[in-house]
K.L.:
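Right, I'll just put the structure down here and ask away after.
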Amino acid sequence: MTDQDRSTSVDGAENLPEQMRVRREKRKRLLDEGVDPYPVTLPVTHSLAEVRAAHPDLPADTGTGDRVGVAGRVMFLRNTGKLCFATLRGGDGSELQAMLSRNEVGADSLTAWKSDVDLGDHVFVHGEVITSRRGELSVLADEWRVAAKALRPLPVTHKDLAEETRVRQRYVDLIVRDQAAETVRTRAGALRSLRDSFHRRNYIEVETPMLQTLQGGASARPFVTHSQAFDMDLFLRIAPELYLKRCVVGGIEKVFEINRNFRNEGSDSSHSPEFAMLEFYEAYSDYDSMAELTRALIQEAADSLFGTQVVTWADGTEYDLSGQWSTLTMYGSLSEALGSEVTPETSVQTLRKHAEDVGLTQLDPGYGHGKLVEELWEHLVGDHLYAPTFVRDFPVDTAPLTRQHRSEPGLAEKWDLYVRGVELATGYSELVDPVTERARLEEQARLAVAGDEEAMPVDEDFLRALEYGMPPCGGVGMGIDRLLMALTGLGIRETILFPLVRPE
RNA sequence: GCGCCAAUAGCUCAAGUGGCAGAGCAACUGACUCUUAAUCAGUGGGUUCGGGGUUCGAGUCCCUGUUGGCGCACCA
């Protein structure tokens, strides 16, 4: 839209929709009358919520003698001849009624109210706190002023916006749809709960680079950008892992970060190109104790937000996050689903046969043992998991930064946490042997040279860090957006305030 | 990336087989001193997403572009 230029000129507003033209004319009229439609400050003495809290059980048709100055957005107007009502809403979502009586404000002021104030405007009202005859807590105005004139009409408040408008104009969605505002608060509450949980356990929060010189820490295609000053390409990070491990080497042995990752991939109901990630590492922990901690973090978040670990989703479904969660092994559950034993020794040929038998016919011919096992598992088991489930012990060749299983050859000490069939978190006993790690990264680098855009190169500085000695360590990555999905039942684009959309 | 579906008033949505583009809310004018999505009477408001085509006639059919949703593929 380029209509900001027209706002100063009524002439230029001719081709605007009627309702926008009318509001611009009202703004201009106020200015011509010497009234600032956007005053810099107003004598607000109480929030709407504070007024409500101060008078919880006032009987109908009662005065209090309390005089307050309040402000809010006009959500509904009910103007009669000599007595007007407006529902004001404050930034915390609380509402309070304003009453304007001709006896209190005078005929001119009441006429001005009726002609100048539109739905969506912010207004300031000063007066006595009373209840109406119907019992509605109200401020009976002795003075009122426009606090901020809205130039666009509010959408209908009792219907949701179309989905595209909700995402493109979230600011309007937040005004109109309670669920949108509620989701923002739920997300903030979940983040606060996570930080509280970590601080109780003496974790240190850090921030590590978003601009990285090497792609690493996960298998994903990165976004590439360019530094003019350094004259070099940089990657937006796909994961903070390699820096958080450097922290552990340096002695920050209980460390977490909550920040954005960027992956150059498509989006759907559970994927977004930029997404919030929690990663945490703890020295002398392993994937078992990290699974316990992960469960505690999620359950504490549910308790903190809703006072229960049986959460109710937006569609009314109850989802039980309480108690212990079930555990499967990848090979065990896959063998059971196939009705045929699969182990780390099972040949690629046999796995391909299994894949064809279950209808997975267009798998990349370059897939090795581990990737085939994962594909089969996701198809036969993962997609059908509903209750929270830890899936343990992955093929070692799919987890280049993970320690070999302490007793089972060919396996890595890695788990994935599935909630409602979506991968919510992944945990590891971290690989800390620099020599083994170098061999793993060199293999990754070979894949990268061969054209695998998701494989990482050898990060010499990271290997140097490991060579100084990294203590035994457990690590976890958890998608914050997906945690919100698990807690609310919403799609990922509802949990992200401003998801990426193409420009209009 | 491939397939299917959609885009109409400020907002949410209607308009069998091609035949005067409508409703609710919102807006405008008037009435109303206790309303709660106030009520009553009246009025205005449209590049039917953009471009091209078929037709006497296109919101509707065809081609094309843009944007979005869903499914599949990839990823967490």
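Side-chain atoms are counted along with the backbone in the values below, which use heavy atoms only and exclude waters and symmetry mates. These numbers were taken from a predicted model, which means no experiment stands behind them. Here is the naming used below: chain letters follow the sequence lines, and residue numbers restart at 1 for every chain.
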K.L.:
Consider the side chain of A:V22, meaning its heavy atoms from C-beta on, and name the nucleotide among B:G24, B:C34, B:A27 that approaches it most closely.
P.N.:
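Looking only at heavy atoms from C-beta outward on A:V22, the closest nucleotide is B:A27.
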K.L.:
How is A:L161 classified with respect to the nucleic acid when contacts are heavy atoms under 4.0 Å: base, sugar-phosphate, or nothing?
P.N.:
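Sugar-phosphate contact only - A:L161 comes under 4.0 Å of backbone atoms but never of a base.
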K.L.:
Report which part of the nucleic acid A:S272 touches: base, sugar-phosphate, or nothing (heavy-atom distance under 4.0 Å, all strands).
P.N.:
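Contact class for A:S272: base.
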K.L.:
NA contact type, A:S219, heavy-atom cut-off 4.0 Å: base, sugar-phosphate, or nothing?
P.N.:
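The answer is sugar-phosphate, as A:S219 gets under 4.0 Å only of primed atoms, P, OP1 or OP2.
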K.L.:
Would you mind reading off the distance between A:F76 atom CZ and B:C34 atom P, rounded to a whole angstrom?
P.N.:
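Interatomic distance, CZ of A:F76 to P of B:C34: 21 Å.
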K.L.:
More 5' along RNA chain B: A:R78 or A:L500, using each one's nearest nucleotide?
P.N.:
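Closer to the 5' end of RNA chain B: A:R78.
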K.L.:
What distance, rounded to whole Å, do you find between the two P atoms, one in B:C25 and one in B:A37?
P.N.:
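Going atom to atom, P in each nucleotide, I get 13 Å.
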K.L.:
Can you tabulate the close N/O pairs, meaning under 3.5 Å, that link protein atoms to atoms of nucleotides 3-8 of chain B?
P.N.:
none

K.L.:
Roughly how far apart, to the nearest Å, are B:G59 and B:U17 at atom C1'?
P.N.:
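Pairwise C1' distance, B:G59 against B:U17, rounds to 16 Å.
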K.L.:
Between B:C28 atom C1' and A:L77 atom CG, what is the distance in whole Å?
P.N.:
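Nearest whole value for this atom pair: 15 Å.
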K.L.:
State which of B:A76, B:A73, B:C34 makes the closest approach to the side chain of A:E265.
P.N.:
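Of the candidates, B:A76 comes closest.
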K.L.:
Does A:K414 count as lying over the ring of A:F394, i.e. NZ or CZ under 6.0 Å from the six-ring centre, within 45 degrees of the axis?
P.N.:
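Yes, a cation-pi geometry.
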K.L.:
Quick check: any donor-acceptor pair below 3.5 Å linking the side-chain of A:E164 to the base of B:U67?
P.N.:
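Side chain to base: no pair present.
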K.L.:
Under 30°, 30 to 60°, or over 60°: which ring-plane class applies to A:H369 and A:Y331, parallel, tilted or perpendicular?
P.N.:
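Judged by the thresholds at 30° and 60°, the geometry between A:H369 and A:Y331 is parallel.
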K.L.:
What integer distance in Å separates A:E494:CD from B:G69:P?
P.N.:
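Computing the A:E494:CD to B:G69:P distance gives 11 Å.
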K.L.:
Answer yes or no for A:R392 and A:Y287: cation-pi contact, defined as NZ/CZ to six-membered ring centre under 6.0 Å and angle to ring axis within 45°.
P.N.:
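That pair qualifies as a cation-pi contact.
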K.L.:
Answer whether the closest heavy-atom distance between the side chains of A:E423 and A:T426 falls below 4.5 Å.
P.N.:
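The answer is yes; the side chains approach within 4.5 Å.
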K.L.:
Both A:D160 and A:E163 contact RNA chain B. Taking the nearest nucleotide for each, which residue is further toward the 5' end?
P.N.:
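Here A:D160 is the residue nearer the 5' end.
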K.L.:
Return no unless some side-chain N or O of A:R168 is found under 4.0 Å from OP1 or OP2 of B:G68.
P.N.:
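Yes, A:R168 has a side-chain N/O under 4.0 Å of OP1/OP2 on B:G68.
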K.L.:
Using a cut-off of less than 4.0 Å, is there contact between a side-chain N or O of A:R493 and OP1 or OP2 of B:G69?
P.N.:
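True: A:R493 side-chain N/O within range (under 4.0 Å) of B:G69 OP1/OP2.
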K.L.:
Side chain of A:H271: nearest nucleotide among B:G10, B:A37, B:A76?
P.N.:
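From the listed options, B:A76 comes nearest.
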K.L.:
Rounding to a whole Å, what distance do you find between A:Q97:CD and B:U33:C1'?
P.N.:
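Result: 13 Å.
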K.L.:
Between B:G68 and A:R502, is there an OP1 or OP2 to side-chain N/O distance shorter than 4.0 Å?
P.N.:
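Yes, such a contact exists.
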K.L.:
Is the phosphate of B:A27, meaning OP1 or OP2, less than 4.0 Å from a side-chain N or O of A:K114?
P.N.:
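Negative; the distance criterion is not met.
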K.L.:
Kindly check if the number of other-residue, nucleotide or ligand heavy atoms within 6.0 Å of CD (A:E207) is above 12?
P.N.:
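Atom CD in A:E207 is not packed in, count stays at 12 or less.
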K.L.:
Rounded to whole angstrom units, what separation is found between the CD1 atom of A:I175 and the P atom of B:A26?
P.N.:
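Value for this atom pair: 17 Å.
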K.L.:
Atom CE of A:M99 and atom C1' of B:U33: how far apart are they, to the nearest Å?
P.N.:
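Rounded to the whole Å, the gap is 8 Å.
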K.L.:
Using only heavy-atom distances, decide whether a donor-acceptor pair under 3.5 angstrom links the side-chain of A:N103 to the base of B:U33.
P.N.:
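Indeed there is one.
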K.L.:
Contact class for A:A218 (heavy atom, under 4.0 Å): base, sugar-phosphate, or nothing?
P.N.:
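Here A:A218 touches no strand at all.
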K.L.:
Got A:R67 and A:H126 here, is their nearest side-chain heavy-atom distance under 4.5 Å?
P.N.:
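A:R67 vs A:H126: side chains touch.
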K.L.:
Using a heavy-atom cut-off of 4.0 Å across all strands, would you classify A:K414 as base, sugar-phosphate, or nothing?
P.N.:
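No contact at all - A:K414 keeps every heavy atom at 4.0 Å or more from the nucleic acid.
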K.L.:
Going by purine N1 to pyrimidine N3 plus the second Watson-Crick contact, or the G-U wobble pair, all under 3.5 Å, which nucleotide sits opposite B:A7?
P.N.:
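Matched B:A7 with B:U66 under the 3.5 Å cut-off.
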K.L.:
If I take atom NZ in residue A:K82 and atom C1' in nucleotide B:C34, what distance separates them, rounded to the nearest angstrom?
P.N.:
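So the two atoms are 14 Å apart, to the nearest Å.
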K.L.:
Please report, rounded to the nearest Å, how far the P atom of B:A27 is from the CG atom of A:L151.
P.N.:
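Answer to the nearest Å: 15 Å.
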K.L.:
For a quick check of understanding: with a heavy-atom distance under 4.0 Å over all strands, which category does A:N79 fall into, base, sugar-phosphate or nothing?
P.N.:
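Answer is base: heavy atoms of A:N79 come under 4.0 Å of a base.
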K.L.:
Is A:T87 close to A:R78 at the side-chain level, that is, under 4.5 Å between some pair of heavy atoms?
P.N.:
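Yes, close enough: below the 4.5 Å cut-off.
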K.L.:
Determine the Euclidean distance between corresponding P atoms of B:G50 and B:A9; express it in Å to zero decimal places.
P.N.:
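Straight-line distance between the two P atoms is 11 Å.
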K.L.:
Is there a donor and acceptor pair closer than 3.5 Å between the side chain of A:E18 and the base of B:G44?
P.N.:
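Pair found.
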K.L.:
Please check the phosphate of B:U12 (OP1 and OP2 only) for any side-chain N or O of A:K159 closer than 4.0 Å.
P.N.:
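No.
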K.L.:
Pick the C1' atom in B:G10 and in B:G69, then give their distance to the nearest Å.
P.N.:
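The same atom, C1', in both gives a distance of 23 Å.
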K.L.:
In terms of relative ring orientation, are A:F256 and A:F198 parallel, tilted or perpendicular, with 30° and 60° separating the classes?
P.N.:
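A:F256 and A:F198: parallel rings.
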K.L.:
Relative to the ring of A:W144, is the ring of A:W113 parallel (under 30°), tilted (30 to 60°) or perpendicular (over 60°)?
P.N.:
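Ring orientation of A:W113 relative to A:W144: perpendicular.
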K.L.:
For a side chain to side chain contact (heavy atoms under 4.5 Å, CB included) check, start with the C-alpha distance between A:Q19 and A:R21, then their side-chain angles and the critical distance, and finish with the verdict.
P.N.:
CA-CA 5 Å; A:Q19 301 194 43; A:R21 198 182 65 239; over 6 Å; no
